[in-house]
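Whatever order the structure lists them in is the order used to number ligands and atoms, beginning at 1.
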Amino acid sequence: MKIRTFILGVALATLAQVSFGQITGTPHDMSSHLWNTGTTNKLCGTCHTPHNSMTISQAPLWSHDTTTSSYTMYTSAVSSTFNATPGTRPDGNSKLCLSCHDGTVALNDFIGAQAPVSGTLGTEYPGTTTLIGTNLSNDHPISFTYDATLATTDGGLYNPVTTLSGLSSGGHIDDDMLYNHKMQCASCHNPHNNTYTKFQRMSNNASQLCLKCHNK
Ligand code: HEC
Ligand code: HEC
Ligand code: HEC
Ligand code: HEC
């Protein structure tokens with residue numbers, strides 16, 4: 001009986017944790033911005049809408065206008081030791097992050113029926129410290145395939161298919177940190193959880209995030 005009560009307690013505590021959410025109060029909680037007052041879906045709505053969302057690849061029910069900028073990518077021209085081949089522009093969820101963080105699309109530019117200011121041109125942009133811009137040649141490379149072949153070619157990377165990520169029970173880097181086998185912003189960041197500050201996926205104390213993939 002006691003054990004049952006205990007188990008129930010644990011289950012309720014877990015539920016409570018989930019339902020209170022992790023975005024509230026973080027820099028991605030834009031619910032108190034002036035343009036967001038008077039809307040209902042104000043916490044998630046800045047990025048997701050339940051209906052009429054954008055249908056672009058790897059953009060889950062996306063409500064925010066996406067960027068159409070051209071970018072300078074991190075390539076082997078930037079660093080001769082860079083072995084991977086990135087595309088000509090960011091793809092996947094990196095495109096979503098850059099829709100606010102490259103500074104070309106306002107925070108409050110939305111599509112989708114349930115979005116705060118659907119169809120209205122916004123005027124608010126991220127502050128200078130969080131502005132990544134369109135020159136990505138000075139940022140950690142993204143939007144390229146990280147697989148066993150790359151790990152072998154590079155010589156200083158763990159095999160993503162066989163190396164545990166530590167983020168889920170039994171999950172590997174490829175399962176938990178890559179998207180269609182690609183490195184993206186969300187490989188290192190979780191836009192929903194600021195436990196480790198700067199929306200990092202895990203603590204980077206003693207560079208442990210970097211050492212997850214880099215065998216240095
Ligand atoms: C600042 C933008 C932003 C906000 C606010 C936001 N999300 Fe997300 N969300 C993203 C991005 C970017 C992705 C894709 C990358 C990823 O999976 O982490 C995503 C992915 C997801 C996914 C699919 C992947 C997964 O983690 O299961 C779900 C479900 C989701 N979000 C739910 C929510 C809910 C519910 C809220 C509100 C409580 C919310 N999001 C608020 C940016 C946001
Ligand atoms: C809807 C716009 C929007 C989207 C989409 C978005 N962000 Fe942000 N992000 C913000 C705003 C606003 C801030 C607060 C700081 C500011 O205003 O400059 C912020 C802050 C941050 C910070 C700094 C947090 C801190 O503790 O200082 C990081 C890191 C970040 N975002 C990463 C991401 C990543 C990675 C993605 C995609 C997975 C993403 N963001 C998607 C709007 C956005
Ligand atoms: C290889 C891992 C990695 C990738 C990929 C990555 N970041 Fe980061 N990012 C970090 C780390 C680690 C920090 C925290 C640095 C610190 O606290 O000194 C950070 C910090 C940030 C900040 C906060 C800057 C500040 O000074 O407040 C923003 C915004 C950000 N990243 C956005 C992005 C976006 C957008 C992308 C994709 C284009 C991206 N990041 C890709 C690891 C990464
Ligand atoms: C999820 C895996 C992953 C994480 C986490 C990660 N990296 Fe990387 N990083 C890579 C891959 C894959 C490459 C591409 C290597 C190549 O192709 O030469 C790369 C490239 C680099 C490069 C450029 C190498 C070159 O030859 O030009 C540097 C420097 C680097 N990472 C440093 C870091 C640092 C510092 C961190 C922590 C803040 C970090 N990385 C976190 C996977 C990761």
Identify, by atom number and element, the atoms of ligand 2 in contact range of [X], meaning under 4.0 Å from any of its heavy atoms.
X: Leu96; answer: 5 (C)
X: Asn194; answer: 26 (O)
X: His189; answer: 29 (C), 35 (C)
X: Leu107; answer: 2 (C), 12 (C), 42 (C)
X: Cys100; answer: 1 (C), 2 (C), 3 (C), 4 (C), 5 (C), 42 (C), 43 (C)

Exercise for review: Establish, yes or no, whether a centroid distance under 6.0 Å links the rings of Tyr179 and Tyr146.
Suggested key: no
Practice item. Could you say whether the N/O atoms of Asn93 and ligand 1 ever approach to under 3.5 Å? Key: no
Point to revise | Exercise check, heavy-atom protein proximity under 4.0 Å to atom 28 (C) of ligand 1 | key: no
Check your understanding: Is His192 close enough to atom 8 (Fe) of ligand 1 to have an N, O or S atom under 2.8 Å?
Key -> yes
Review point. Would Cys47 count as a contact for atom 8 (Fe) of ligand 1, in the sense that one of its N, O or S atoms lies under 2.8 Å from it?
Key: no
Out of all atoms in ligand 1, which are within 4.0 Å of some heavy atom of [X]? Include the element for each.
X: Trp62; result: 10 (C), 11 (C), 12 (C), 42 (C)
X: Leu43; result: 5 (C)
X: Pro60; result: 19 (C), 20 (C), 21 (C)
X: Ile23; result: 6 (C), 37 (C), 38 (C), 39 (C), 41 (C)
X: Thr46; result: 5 (C)

[atom]: which of [options] has the nearest heavy atom?
atom: atom 11 (C) of ligand 2; options: Pro126, Ala186, Pro27; result: Pro27
atom: atom 40 (N) of ligand 4; options: Arg201, Lys216, His214; result: His214
atom: atom 12 (C) of ligand 4; options: Tyr146, Tyr74, Tyr158; result: Tyr146

Evaluate [X] for polar contact with ligand 4, using N/O atom pairs at a separation under 3.5 Å.
X: Ser187; value: no
X: Lys212; value: no
X: Phe82; value: yes
X: Cys213; value: no

Practice item. With heavy atoms only and a cut-off of under 4.0 Å, state how Pro141 meets ligand 4: side chain, backbone, both or neither. Key: side chain
Exercise for review: Have a look at ligand 1 and work out which part of His64, if any, has a heavy atom under 4.0 Å from it: side chain, backbone, both or neither.
Suggested key: neither
Revision key, fill the gap. Only residue of Thr152, Asp147, Thr145 satisfying side chain to side chain contact (heavy atoms under 4.5 Å, CB included) with Thr149 is Asp147
**Study point:** Matching residue for Thr104 among Leu98, Asp65, Thr134, Thr68 - test: side chain to side chain contact (heavy atoms under 4.5 Å, CB included)
**Key:** Thr134
Suppose we measure from [atom] to each protein heavy atom; which comes out shortest, and what is that distance?
atom: atom 18 (O) of ligand 1; value: Pro191 CD, 3.6 Å
atom: atom 35 (C) of ligand 4; value: Cys210 SG, 3.6 Å
atom: atom 38 (C) of ligand 1; value: Cys44 SG, 2.7 Å
atom: atom 13 (C) of ligand 4; value: Phe144 CZ, 3.7 Å
atom: atom 5 (C) of ligand 4; value: Leu209 O, 3.2 Å
atom: atom 26 (O) of ligand 4; value: Thr81 OG1, 2.7 Å

Practice item. Look only at the side chain of Ser63 and the backbone of Gly45, and say whether a donor-acceptor pair between them is shorter than 3.5 Å. Key: yes
**Study point:** Name of the His28 atom (N/O/S only) found closest to atom 8 (Fe) of ligand 2
**Key:** NE2
Study note, to complete from the structure: In His101, the N/O/S atom nearest atom 8 (Fe) of ligand 2 carries the name NE2
Point to revise | salt_bridge(Lys42, Asp29) N-O dist < 4.0 Å | key: no
**Study point:** Rounded distance [0.5 Å steps], NE2 in His48 versus CG in Leu43
**Key:** 10.0 Å
Point to revise | Heavy-atom gap Tyr196 to ligand 2 smaller than 4.0 Å | key: no
**Study point:** Short N or O distance, Gly127 and ligand 2, threshold 3.5 Å exclusive
**Key:** yes
